[in-house]
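Reminder, nothing fancy here: chain letters follow the sequence lines and each chain counts from 1. Remember, it's a predicted structure, so these values are computed and weren't measured experimentally.
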Amino acid sequence: MVNITFPDGIQKSYEKPPTGLEVAQGISEGLARNCVAMEVNGQRVDLNTPIDEDADLRLITTRDPEALEIMRHTAAHVMAQAILRLYKNARLTIGPVVEDGFYYDIDMAPISEDDFPRIEAEMKKIVSEKTPIRRREVSKVEAKQFYLTEPYKLEMVSDLPDGTISFYEQGEFTDLCRGPHVPHTGFVRAFKLLKTSGAYWRADQNREQLQRIYGTAFFDKKDLKQYLHFLEEAKKRNHRKLGEALDLFSFHDEAPGMPFFHARGMVVWNAILDYWREEHRNAGYVETKTPIILRKELWEQSGHWENYRENMYFTDIDEAEYAVKPMNCPGGMLIYGSTRHSYRELPIRAAEIGLVHRHELSGVLSGLFRVRAFHQDDAHIFMTQEMIETEIVDVLRLVERMYATFGLGFHLELSTRPEKSIGTDEAWEMATDGLRAGLDAYGMAYQINEGDGAFYGPKIDVHIKDALNRTWQCGTIQLDMSLPDRFDLGYIGPDNEKHRPVMIHRTVLGSIERFLGILIEHFAGKFPLWLAPVQVALLPINDDLAPYAEEVNAKFRAAGLRTAVDSRTESLNRKVREAQLANVPLILTIGAKEKEAGTLAVRTLDGKVTHGLTREAFLNRVFDHATHRRLELAIFP
RNA sequence: GCCGACGUAGCUCAGCCGGUAGAGCAGCUGAUUCGUAAUCAGCAGGCCAGCGGUUCGAAUCCGCUCGUCGGCUCCA
């Protein structure tokens with residue numbers, strides 16, 4: 001007799017231990033058809049596992065979010081099976097589920113996307129066979145025996161704890177796997193292979209280069225179609241394309257990974273920084289600036305020579321060695337150390353929009369997202385131990401306020417001590433506790449990344465999610481326990497003794513370049529009024545009206561708007577089209593009517609046209625919208 | 001750096017198995033003077049990323065270099 005309790009509290013008794021499938025069938029055929037796995041007493045297991053004792057049971061159907069994960073793992077197996085059929089010498093390694101699908105790392109000859117149709121066809125065959133999937137449990141010794149000729153799997157088995165090891169079988173295919181899996185391969189209804197790349201075994205550059213093949217799978221063909229459509233849409237937002245089309249910036253072979261900002265790009269840049277300065281002034285920051293090239297000895301003193309050398313650029317000047325700064329901190333230390341400080345001055349919040357250069361590997365460069373030269377909106381906060389918590393909360397509030405202005409969401413992560421690091425265990429513990437206290441006081445849930453901290457201290461990372469659903473680390477708050485010591489920084493306390501200040505190192509936007517790239521994709525190139533390179537386009541309807549348009553333009557310009565007159569002898573339709581494609585938020589058509597009545601006709605980027613506005617009403621509305629940094633494209637509701 | 005794909009006019013792209021380059025848009029010139037997403041016509045524009053090789057002949061085939069893009073974090 002087995003008693004089963006369902007999530008809604010209802011209980012059912014069974015004569016002999018039923019499998020999940022039998023339980024589902026007892027409820028309805030439709031339910032049984034859509035069940036992929038189940039949770040028995042909180043444990044996820046296969047549907048065909050017999051439930052041999054009283055248990056809480058939750059059936060997982062294709063409608064549950066975790067069902068997708070389970071099925072995608074099966075999809076990875078189906079792909080692996082197809083590849084083994086087609087490529088005799090392929091050796092499997094790992095094949096996990098990732099955010100939008102799955103991948104499998106396989107040791108095989110390099111393949112390209114041209115090979116996908118063949119593999120997909122074979123996968124389709126396997127899916128249509130609806131091969132049952134069975135779990136088999138063996139001892140570690142047996143597992144090793146089984147994998148005698150599979151070096152990767154053997155290595156994986158060896159790393160597993162002693163005890164039972166599970167295999168999953170579907171037809172001729174067997175794979176080492178924790179499971180659970182869907183009942184048969186037919187559940188992998190809609191799938192597509194997406195891309196291929198190289199990957200190292202165990203992510204180690206010194207080990208074998210494997211082929212990683214990415215794919216995705218859904219229960220419904222419609223969902224797959226929708227996802228592929230999303231990828232297309234995301235592609236259209238690509239900031240490299242938009243940046244070039246909107247004449248914001250460019251890249252040149254003469255300086256790989258180092259962006260050139262055009263006049264329009266600089267307008268957006270400056271609008272961002274105007275806002276940044278306003279917020280930082282209000283938050284009690286001062287602004288500083290340090291040199292870009294500094295002597296090598298400084299970097300030895302700071303620890304960068306030892307820990308960051310491979311990412312730095314060097315140069316010789318007058319027989320002395322210099323380094324191009326990859327970070328602003330050492331320069332900031334010199335400023336702090338150049339005068340005496342009293343405890344009464346603390347905290348000192350010294351910001352710097354610092355231009356740094358980092359030698360990133362050529363293969364990782366990616367538009368504005370990953371560059372070799374960029375500006376950090378850096379700041380160093382010097383304070384006493386007691387101030388840590390409130391200062392961190394203040395930085396987090398500043399981050400929240402600024403991201404909200406751009407309409408961006410974020411999440412927080414705490415990174416702890418990495419292997420390659422400097423400082424004592426006690427110092428690391430103290431610093432990590434300090435960050436944790438700040439995070440707890442701020443009150444937002446956060447994730448912990450063990451071993452992901454900077455070499456000089458633990459950090460809080462702020463991650464933005466972009467239009468492609470990728471998360472980007474933008475803001476960061478790092479407690480630095482090393483530099484104040486290395487530079488022997490001090491302040492005079494109330495006891496008239498010298499004390500060591502605590503320092504945090506923080507950014508809000510992170511890299512201005514990357515942040516701008518994220519904004520371009522976020523807004524799909526349609527910047528809100530306050531950021532737009534050109535805010536107002538004036539389009540005289542014919543040549544006779546051009547002087548009047550210039551007159552209006554002069555007034556707007558004097559009022560502080562960024563304007564452009566299009567007085568070419570072109571059709572109005574063309575001018576409107578071009579202004580619209582250039583994403584100008586306010587398109588004014590100037591005709592005889594406007595001239596006579598002294599009014600304006602405005603087209604906004606939502607496609608709406610408002611006629612008969614007085615100049616005053618227009619300017620009031622526009623300035624209100626811009627000074628409050630509103631994000632809506634519909635400016636005249 | 002490593003794996004794969006790619007590099008043809010300012011942009012988007014065509015150019016099959018090698019016979020010395022083509023379209024649209026943009027640009028320039030002229031005509032058109034126009035009410036909310038492309039007026040018409042003409043002209044001009046290229047060392048086919050660079051270097052080397054194969055060949056009677058290379059944008060096309062091969063090699064190297066440079067650059068761009070997708071990955072190289074997700075651990076049965």
Side-chain angles (χ1 to χ4, degrees), chain A residues 73 76-77 92-105 108-115 143 147 152-153 155-161 165-168 175-179 181 194-214 235 238 240-241 244-245 247 250-257 310 359-367 370 449 452 470-471 473 537 539-546 567-582 587-594 601-604 607-611:
Chain A
H73 204 169
H77 279 205
L92 302 182
T93 69
I94 60 166
V97 171
V98 289
E99 200 172 334
D100 292 313
F102 60 88
Y103 70 78
Y104 217 117
D105 279 351
M108 63 190 291
I111 63 167
S112 75
E113 290 178 19
D114 298 339
D115 301 304
Y147 277 139
Y152 301 101
K153 292 290 184 184
E155 191 178 327
M156 273 155 42
V157 170
S158 305
D159 288 352
L160 288 174
I165 284 171
S166 57
F167 283 103
Y168 275 81
D175 199 5
L176 175 72
C177 188
R178 180 169 42 199
H181 279 274
L194 296 174
K195 54 198 170 196
T196 157
S197 75
Y200 300 103
W201 173 231
R202 304 249 139 136
D204 183 349
Q205 290 200 16
N206 301 313
R207 304 210 53 182
E208 296 85 341
Q209 170 99 39
L210 310 168
Q211 295 299 308
R212 174 167 298 181
I213 303 170
Y214 285 90
K235 227 189 236 172
N238 186 315
R240 275 151 285 190
K241 290 270 169 205
E244 210 176 293
D247 196 18
S250 57
F251 282 94
H252 302 272
D253 292 0
E254 287 79 356
E310 57 274 29
H359 182 75
E360 301 287 352
L361 293 177
S362 61
V364 306
L365 300 179
S366 175
R370 197 74 185 267
N449 290 331
D452 225 18
R470 286 178 301 196
T471 55
Q473 186 215 306
L539 316 181
I541 271 172
N542 59 41
D543 290 352
D544 295 339
L545 286 156
S567 50
R568 291 173 306 164
T569 308
E570 288 289 353
S571 69
L572 182 67
N573 280 335
R574 182 184 205 94
K575 292 184 190 180
V576 168
R577 178 184 147 86
E578 287 180 7
Q580 179 96 28
L581 289 176
I587 300 169
L588 303 185
T589 46
I590 310 274
K593 274 184 221 157
E594 282 71 35
V602 188
R603 184 185 169 111
T604 40
K608 257 180 55 180
V609 182
T610 310
H611 294 275

Mind checking the [atom1] distance from [N] to [M]? Whole angstroms is fine.
N     : M     : atom1 : answer
B:U60 : B:U20 : P     : 14 Å
B:C51 : B:G7  : C1'   : 15 Å
B:A38 : B:U12 : C1'   : 16 Å
B:C17 : B:C74 : C1'   : 45 Å
B:U68 : B:U32 : C1'   : 43 Å
B:A9  : B:A59 : C1'   : 14 Å
B:A14 : B:A49 : P     : 14 Å
B:A58 : B:A21 : C1'   : 13 Å

Taking OP1 and OP2 of [N], is either one under 4.0 Å from a side-chain nitrogen or oxygen of [X]?
X        : N     : result
A:Tyr200 : B:G1  : no
A:Arg603 : B:A37 : yes
A:Ser197 : B:C72 : no
A:Arg240 : B:C69 : yes
A:Lys195 : B:G70 : no
A:Thr196 : B:A5  : no

Nucleotide [N], atom [atom2] - distance to [atom1] of [X] in whole Å:
X        : N     : atom1 : atom2 : result
A:Phe251 : B:C6  : CZ    : C1'   : 18 Å
A:Glu99  : B:G71 : CD    : P     : 13 Å
A:Leu572 : B:G35 : CG    : C1'   : 5 Å
A:Ile590 : B:U36 : CD1   : C1'   : 13 Å
A:Glu254 : B:G67 : CD    : P     : 11 Å
A:Leu210 : B:C74 : CG    : C1'   : 15 Å

[X], nearest nucleotide to its side chain (from [options]):
X        : options             : result
A:Leu361 : B:G35, B:G1, B:C72  : B:G1
A:Ile165 : B:A76, B:G71, B:A38 : B:A76
A:Ala199 : B:C3, B:C74, B:C72  : B:C72
A:Cys177 : B:G35, B:A76, B:G70 : B:A76
A:Asn573 : B:G1, B:U39, B:C75  : B:U39
A:Ala601 : B:G35, B:C72, B:U68 : B:G35
A:Gln209 : B:U73, B:G67, B:G71 : B:G71
A:Leu160 : B:A76, B:A37, B:C74 : B:A76
A:Val364 : B:C72, B:C74, B:U36 : B:C72
A:Ser362 : B:G1, B:A37, B:G71  : B:G1

Between the side-chain atoms of A:Glu594 and the base atoms of B:G35, is any donor-acceptor pair under 3.5 Å?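 Indeed, a donor on one side and an acceptor on the other fall under 3.5 Å apart.
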Is it the case that B:U39 (base atoms only) and A:Ser571 (side chain only) share a donor and an acceptor within less than 3.5 Å, ignoring hydrogens and angles?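 Looking at the base of B:U39, it does not pair with any donor or acceptor on the side chain of A:Ser571 (distance under 3.5 Å).
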Residue pair A:Arg202 / A:Glu155, side-chain heavy-atom distance below 4.5 Å: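 Heavy-atom side-chain distance check passes, below 4.5 Å.
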Taking the side chain as C-beta and beyond, is there a heavy-atom pair between A:Tyr200 and A:Gln209 under 4.5 Å?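 A:Tyr200 vs A:Gln209: side chains touch.
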Between A:Ile94 and A:Tyr104, is the side chain to side chain contact (heavy atoms under 4.5 Å, CB included) condition met? List the steps. CA-CA 6 Å; A:Ile94 60 166; A:Tyr104 217 117; 5.6 Å; no
Mark yes or no for whether [X], through its side chain, and [Y], through its backbone, hold a donor-acceptor pair below 3.5 Å.
X        : Y        : answer
A:Tyr147 : A:Met156 : no
A:Ser166 : A:Cys177 : yes
A:Asn542 : A:Leu545 : yes
A:Lys575 : A:Thr589 : no
A:Lys153 : A:Thr93  : yes

What is the pairing partner of [N], taking Watson-Crick or G-U wobble pairs with both distances under 3.5 Å in any strand?
N     : answer
B:G35 : none
B:C28 : B:G42
B:A23 : B:U12
B:A49 : B:U65
B:G18 : none
B:A59 : none
B:G1  : B:C72

Scan [X] against the nucleic acid and name what it touches under 4.0 Å (heavy atoms): base, sugar-phosphate only, or nothing.
X        : result
A:Leu365 : sugar-phosphate
A:Ser166 : base
A:His77  : nothing
A:Lys575 : nothing
A:Asp253 : sugar-phosphate
A:Glu578 : nothing
A:Ala592 : base
A:Glu310 : nothing
A:Gly257 : sugar-phosphate
A:Lys241 : sugar-phosphate
A:Gly179 : nothing

Which word best sums up how the rings of A:His181 and A:His73 line up, parallel for under 30°, tilted for 30 to 60°, or perpendicular for over 60°?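 Rings of A:His181 and A:His73: tilted, 30 to 60°.
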Aromatic rings A:Trp201 and A:Tyr152: how do their planes relate, parallel, tilted or perpendicular, breaks at 30° and 60°?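 A:Trp201 and A:Tyr152: perpendicular rings.
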State the syn/anti category of B:C17 according to its glycosidic angle, syn meaning within 90° of 0.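 Here the answer is syn: the torsion falls within 90° of 0.
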Nearest-nucleotide comparison on RNA chain B, the residue closer to the 5′ end among A:His252 and A:Asp544: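 Its nucleotide being nearer the 5' end, the pick is A:Asp544.
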